[in-house]
Amino acid sequence: MLGRSANGIFWLFRYLERAENVSRLIEAGFRMALTRSASDAVDEWRSLIVTLGLRQAFEARYGTDYTGPHVFNFILRDKDNPGSILAITEAARTNARMVRGGITREVWESVNDGWMQLREALARPVTETRLGAVLDLVRRQATQVRGAMEGTMLRNEIYNFARIGSFIERADNTARILDVKYYVLLPSVSYVGSSLDNVQWENVLRSVAGERAYRWLNAGRMDPRGIAEFLILDERFPRSLAFCYSKLRSNLASLAREYGSEVKSHEMLGDAACQFHTTTIESIFEQGLHEFIGKFIRANTALALQIQRDYRFTE
Amino acid sequence: MKKPLSASYDEMLDADGSVRSAYAGYCQWHDEQPADLLRRKGSEAEAFFRRTGITFNVYGNEDAEERLIPFDMVPRIITAQQWRKLSRGIEQRVRALNAFLHDLYHRQEIVRSGRLPARLLKNNVAFLPEMVGFTPPGGVYTHIVGIDLVRTGEDDFMVLEDNARTPSGVSYMLENRETMMAMFPELFTRVRVREVSDYPRRLARSLAACAPPACDRKTPLVAVLTPGIYNSAYFEHAFLADQMGAELVDGSDLRAENGRIAMRTTRGYEPIDVLYRRVDDEYLDPLMFNPQSMLGVSGIMDVYRAGGITIANAPGTGISDDKAIYSFMPEIVEFYTGEKPILQNVPTWRCSEPESLQYVLDNLAELVVKEVHGSGGYGMLIGPTSSKKELAVFEAKLRARPENYIAQPTLALSTVPILTKAGLAPRHVDLRPFVLVSPNGIDITPGGLTRVALKKGSLVVNSSQGGGTKDSWVLDD
């Protein structure tokens with residue numbers, strides 16, 4: 001396949017994954033804000049903007065006025081935010097148009113249809129009443145595209161590049177959420193297992209759609225170390241770092257089989273994926289959760305760049 | 001001619017208002033349908049097009065960047081017998097076009113014999129000196145041709161234009177049929193219509209039959225070259241590549257390497273055998289033609305002439321569908337086939353000739369005047385519907401550069417009904433059948449693209465100017 005098409009498909013699925021994850025973040029933030037006092041709600045909304053790396057852009061537009069509708073409209077649809085959900089969905093759709101020949105009609109139609117619906121839904125500012133429905137739309141699109149892909153795409157290089165894009169992005173997003181919320185998970189002097197802590201921990205899980213799975217696995221017991229372990233090392237949870245890397249490994253391996261050769265990114269990935277089997281949550285906390293995550297995000301970005309180089313995404 | 005609509009030949013109804021035989025089966029079905037069914041289906045079809053992404057970009061109109069070409073649900077129907085005659089005429093004409101191109105770029109017998117004035121080639125930008133003395137692989141110049149036909153009577157089909165560069169619209173032919181079959185499946189069990197859906201397969205086969213000498217694969221590698229996603233016909237480029245199982249490439253994917261044109265794949269550079277390019281000559285090779293072009297590949301012309309790649313259509317074919325050359329087509333057909341042309345030209349005045357120019361100026365309000373190098377319905381004058389001011393502007397243009405124009409009578413184009421709010425109403429149509437040429441012969445897909453002027457009385461069918469399309473049926477015997 002063309003390097004340009006591999007690039008297109010890779011980014012198509014990164015964008016879709018990102019839109020989905022961002023919508024989940026908004027939802028968790030919204031829920032948190034609803035259950036808190038006004039000033040705590042502002043903190044919550046601010047933390048959302050920080051997680052997405054939008055602080056500067058947001059404050060240029062609204063100053064420090066971190067009210068809910070400002071924040072979620074900025075993330076969803078603001079023209080001053082080049083990474084708005086609307087903008088990345090549009091970018092996803094442009095990429096899909098570019099690689100139209102590499103995806104099935106079902107995949108194309110779900111991307112295109114999702115974009116048309118979202119564009120309409122985001123044509124005017126979103127109110128708190130409408131927010132739920134809009135976020136639902138974003139997630140539904142991602143689900144639909146994934147389903148169309150599962151059901152109709154050949155399991156070839158195109159599929160592998162799509163999956164690689166999804167998991168690089170997902171690992172990045174989960175890591176970033178952890179990075180911003182890591183202090184919530186650190187044992188502290190104030191740690192008494194109060195209901196507030198419980199709500200905060202649950203919110204971290206909710207941001208990655210993991211609250212039910214975690215409760216189910218842990219019979220309802222919330223503990224920060226367990227949550228970190230779940231999000232980083234539990235290979236059963238589809239948004240954990242370990243899961244993403246195990247999938248990346250199998251998708252890159254299947255590329256190597258198809259191409260009959262391994263390239264530099266395989267080596268990089270091998271090392272990175274390995275650590276999830278050898279390391280424990282204890283040693284992660286020992287070296288520092290924040291440091292561990294920072295290192296992971298940098299390595300993940302480097303891996304993505306290496307894949308783009310190895311497979312000639314651009315000249 | 002003053003009142004084209006009432007004077008026009010209607011393809012569905014005869015002068016007494018009874019249904020012509022071509023439409024008998026359709027009309028019977030139509031009359032049995034509930035009154036609002038077609039309209040309801042019409043909006044269904046629009047949603048379907050939007051979702052599938054069949055859109056048409058109009059240059060210079062940002063709001064309508066991806067506009068739909070309106071689709072009308074009433075098919076345009078041609079009988080088997082009419083089609084047989086048309087096919088013979090088209091085949092003859094396309095054969096002549098290829099022979100003509102070969103001659104133009106070699107000995108120019110037609111000029112030597114005095115049948116074609118040499119001045120038409122001199123200073124004509126469509127004539128490429130780079131092609132002189134070179135014969136494309138398989139001897140084929142126009143791998144894909146779209147012949148625009150208009151009809152003025154029962155047996156009167158005329159060629160309005162030969163599109164020998166990069167004719168577009170074939171995806172609409174295919175998708176319009178898909179849509180009709182999805183909307184009205186039972187209709188197709190009642191009326192036997194000839195298949196068009198294998199066009200992409202035929203195209204792939206036809207292109208593969210023209211592999212260049214350097215090709216060492218059993219199945220030649222075919223790629224479609226697009227200017228990119230902002231081109232008005234991008235949907236079609238992607239659609240055809242997909243349907244043919246070919247790669248869709250743009251200039252940034254390609255480079256000249258070891259005497260071949262290769263595309264950058266995830267495994268490295270791979271040579272292409274046949275390039276179905278949807279990029280104009282001018283942009284094809286920045287080394288030879290427009291140095292600013294980002295759409296082409298540097299060095300492709302050298303590779304081409306050394307037998308490293310096949311370019312379809314061949315560069316320089318534009319000289320054969322030039323409007324000044326068009327007026328000589330009857331002579332050209334006769335010169336190369338030794339036969340009388342089966343399909344007539346529309347009578348054409350060449351404004352370069354003083355007598356003709358005088359006639360055109362005297363009768364401007366009755367005529368259609370076209371720029372020799374224009375296309376897409378831009379830069380033309382339709383006398384009967386133009387204001388005094390517009391006529392005066394054109395008169396000045398004509399006097400300033402007469403050789404730049406041809407003129408034709410305002411034809412009473414045939415009509416076919418479309419669905420309007422007030423029921424069926426006749427509108428003017430044309431027809432573009434698609435023709436494939438390979439060393440194995442000439443292959444005409446039974447059908448084509450019917451373009452329809454949606455405005456009452458309008459004669460402009462171009463999609464860039466508010467025209468729509470219809471499914472075009474050729475009936476089975």
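Reminder, nothing fancy here: chain letters follow the sequence lines and each chain counts from 1. Only this structure's heavy atoms are used, side chains among them; waters, hydrogens and symmetry mates stay out.
Other residues, nucleotides and ligands contribute at most 12 non-hydrogen atoms within 6.0 Å of the CD atom of A:E120. Enclosure of atom NZ in A:K247 is not indicated, since only 12 or fewer non-hydrogen atoms of other residues, nucleotides or ligands lie within 6.0 angstrom. With a 6.0 Å radius and a threshold of 12 heavy atoms from other residues, nucleotides or ligands, B:E257 has its CD atom above the threshold. Around atom OH of B:Y283, no more than 12 heavy atoms belonging to other residues, nucleotides or ligands sit under 6.0 Å away.
At least one side-chain heavy atom of A:L2 sits under 4.5 Å from a side-chain heavy atom of B:E247. B:M263 is not listed as a side-chain neighbour of A:M1, based on a closest heavy-atom distance of 4.5 Å or more.
Residue contact with chain B, scored on non-hydrogen atoms closer than 4.5 Å, involves the side chain of A:M116 exclusively. Proximity to chain A (any heavy atom under 4.5 Å) is shown, for B:V224, by neither the backbone nor the side chain. Looking at A:E106, neither its backbone nor its side chain comes within 4.5 Å of chain B, counting heavy atoms on both sides. In this structure, chain B has a heavy atom under 4.5 Å from the backbone of A:D310, while its side chain stays farther away.
The choice from A:G102, A:G101, A:S5 that makes the most heavy-atom pairs within less than 4.5 Å of chain B is A:G101. Put simply, of A:V111, A:V99, A:D113, the one with the most heavy-atom pairs under 4.5 Å next to chain B is A:D113. Between chain A and the residues B:T226, B:D242, B:L248, B:D253, the most heavy-atom pairs under 4.5 angstrom are made by B:D253.
Note that the CZ atom of A:R97 and the CD1 atom of B:I229 stand 5.5 Å from one another [nearest 0.5 Å]. Rounding to the nearest 0.5 Å places CZ of B:R264 at 8.0 Å from CZ of A:R4.
Summarising the geometry of B:T266 relative to A:E157, their closest heavy-atom pair is OG1-OE1, 3.6 Å, with the distance given to 0.1 Å. Contact between A:R100 and B:A238 at its shortest, heavy atoms only, is CB-CB, 4.0 Å.
A:Y311 contributes no side-chain N or O that, together with a main-chain N or O of B:T265, makes up a donor-acceptor pair within less than 3.5 Å.
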